[in-house]
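Step one of this worksheet: look at the structure below.
Here is the naming used below: chain letters follow the sequence lines, and residue numbers restart at 1 for every chain. No experiment lies behind these values; they were computed from the predicted model shown.
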Amino acid sequence: DGGITQSPKYLFRKEGQNVTLSCEQNLNHDAMYWYRQDPGQGLRLIYYSQIVNDFQKGDIAEGYSVSREKKESFPLTVTSAQKNPTAFYLCASQGYNEQFFGPGTRLTVL
Amino acid sequence: GNSVTQMEGPVTLSEEAFLTINCTYTATGYPSLFWYVQYPGEGLQLLLKATKADDKGSNKGFEATYRKETTSFHLEKGSVQVSDSAVYFCALTLFSGGYNKLIFGAGTRLAVHP
């Protein structure tokens, strides 16, 4: 089945640690996105990538980094510079006129 | 700027009641409009979409019509079920700055009771 997978489903981070969230797609889509969701709010764009080896900052990129070495993969690193990282993170890829979403990773800072 | 406004929740209904969730938008150009649904602990699923004025999107008994004159895309369902309990997001997409930018409303939580 084609789709987007994210791992892990739950992630716990200590203060000062970097953590990496995985996102893989087998839909053969060029463009991929990372969003952050906070309770009671809509989704906000962190980073996006239109093609391999290229990515751009979204609306709330500070404290995050990404890479796009393969078409299928778009990992997100939450660095220690992100002061309030506890949130639900969603990865998406762009199909024809719609975005497809993964199941999400819930990150909690201890 | 471009934005989406949807009614605040939670919306609480009894099973088989009629549902309306209001959504209005502000956009430059000609956006496509979407409703996404999020079940507890899951990602977003596309519920329905409309790509131009007067288009009606429909799926699983839900409907929404793209109204350019009122800049609205209200979600309706004639008879809700308990399984419809979820958070519903209205969104628009524009090709801006070289990519497809998806702009979301804040979401409306729907709770359906037996």
Side-chain angles (χ1 to χ4, degrees), chain A residues 3-11 21-25 27 29-51 54-61 68 74 87-108, chain B residues 1-11 21 23-25 29-52 55 57 59 64 66 86-111:
Chain A
I4 301 176
T5 57
Q6 292 185 242
S7 61
K9 188 172 177 65
Y10 299 97
L11 185 57
L21 284 59
S22 170
C23 176
E24 303 278 333
Q25 56 102 356
L27 300 168
H29 291 162
D30 287 315
M32 297 184 72
Y33 304 79
W34 273 105
Y35 294 92
R36 171 181 170 137
Q37 185 180 21
D38 292 286
Q41 297 187 32
L43 279 67
R44 293 182 290 170
L45 181 66
I46 305 172
Y47 266 96
Y48 66 97
S49 169
Q50 293 285 81
I51 200 166
D54 183 68
F55 48 84
Q56 304 295 329
K57 293 181 180 180
D59 300 319
I60 55 164
R68 187 84 186 278
F74 191 39
F88 191 51
Y89 290 87
L90 288 160
C91 179
S93 68
Q94 181 70 45
Y96 179 70
N97 204 32
E98 72 177 88
Q99 288 188 15
F100 296 83
F101 286 82
T105 292
R106 185 165 300 281
L107 173 63
T108 303
Chain B
N2 303 308
S3 65
V4 175
T5 303
Q6 57 183 108
M7 63 188 289
E8 289 189 24
V11 174
I21 300 178
C23 171
T24 57
Y25 68 90
Y30 303 95
S32 294
L33 302 175
F34 303 83
W35 278 100
Y36 282 88
V37 59
Q38 185 178 35
Y39 298 101
E42 298 184 10
L44 273 66
Q45 301 175 26
L46 180 66
L47 182 60
L48 55 84
K49 65 181 179 183
T51 58
K52 61 183 187 298
D55 269 1
N59 185 26
Y66 190 148
V87 180
Y88 292 81
F89 291 93
C90 185
L92 66 83
T93 189
L94 289 168
F95 191 75
S96 173
Y99 74 103
N100 286 293
K101 186 177 177 69
L102 193 58
I103 297 169
F104 289 89
T108 302
R109 182 174 301 279
L110 170 66

Criterion side-chain contact (heavy atoms from CB on, under 4.5 Å) on B/Leu102 and A/Tyr35, from CA distance to verdict: CA-CA 10 Å; B/Leu102 193 58; A/Tyr35 294 92; 3.6 Å; yes
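- Comparing B/Arg109, B/Glu8, B/Gln38 by heavy-atom pairs within less than 4.5 Å of chain A, the highest count is held by B/Gln38.
- Between B/Phe104 and A/Gln37, the closest side-chain pair of non-hydrogen atoms is not below 4.5 Å.
- Not a single donor-acceptor pair under 3.5 Å links the side chain of B/Lys101 to the backbone N or O of A/Leu45.
- Judged as a ring-ring contact (aromatic ring centres under 6.0 Å, His included), and not counting sequence neighbours, the contacts of A/Tyr48 are B/Tyr99.
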Acceptor/donor pairs from residues 87-95 of chain A side chains to any protein atom, 3.5 angstrom cut, sequence neighbours excluded:
unit_1	atom_1	unit_2	atom_2	d
A/Tyr89	OH	A/Tyr64	OH	2.9
A/Tyr89	OH	A/Pro85	O	2.7
A/Ser93	OG	A/His29	ND1	2.7
A/Gln94	OE1	A/Gln99	NE2	3.2
A/Gln94	NE2	A/Glu98	O	3.3

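- Around OH of B/Tyr39, the count of heavy atoms belonging to other residues, nucleotides or ligands within 6.0 Å exceeds 12.
- B/Leu46 touches chain A through its side chain: at least one heavy atom from C-beta onward sits under 4.5 Å away, while N, CA, C and O do not.
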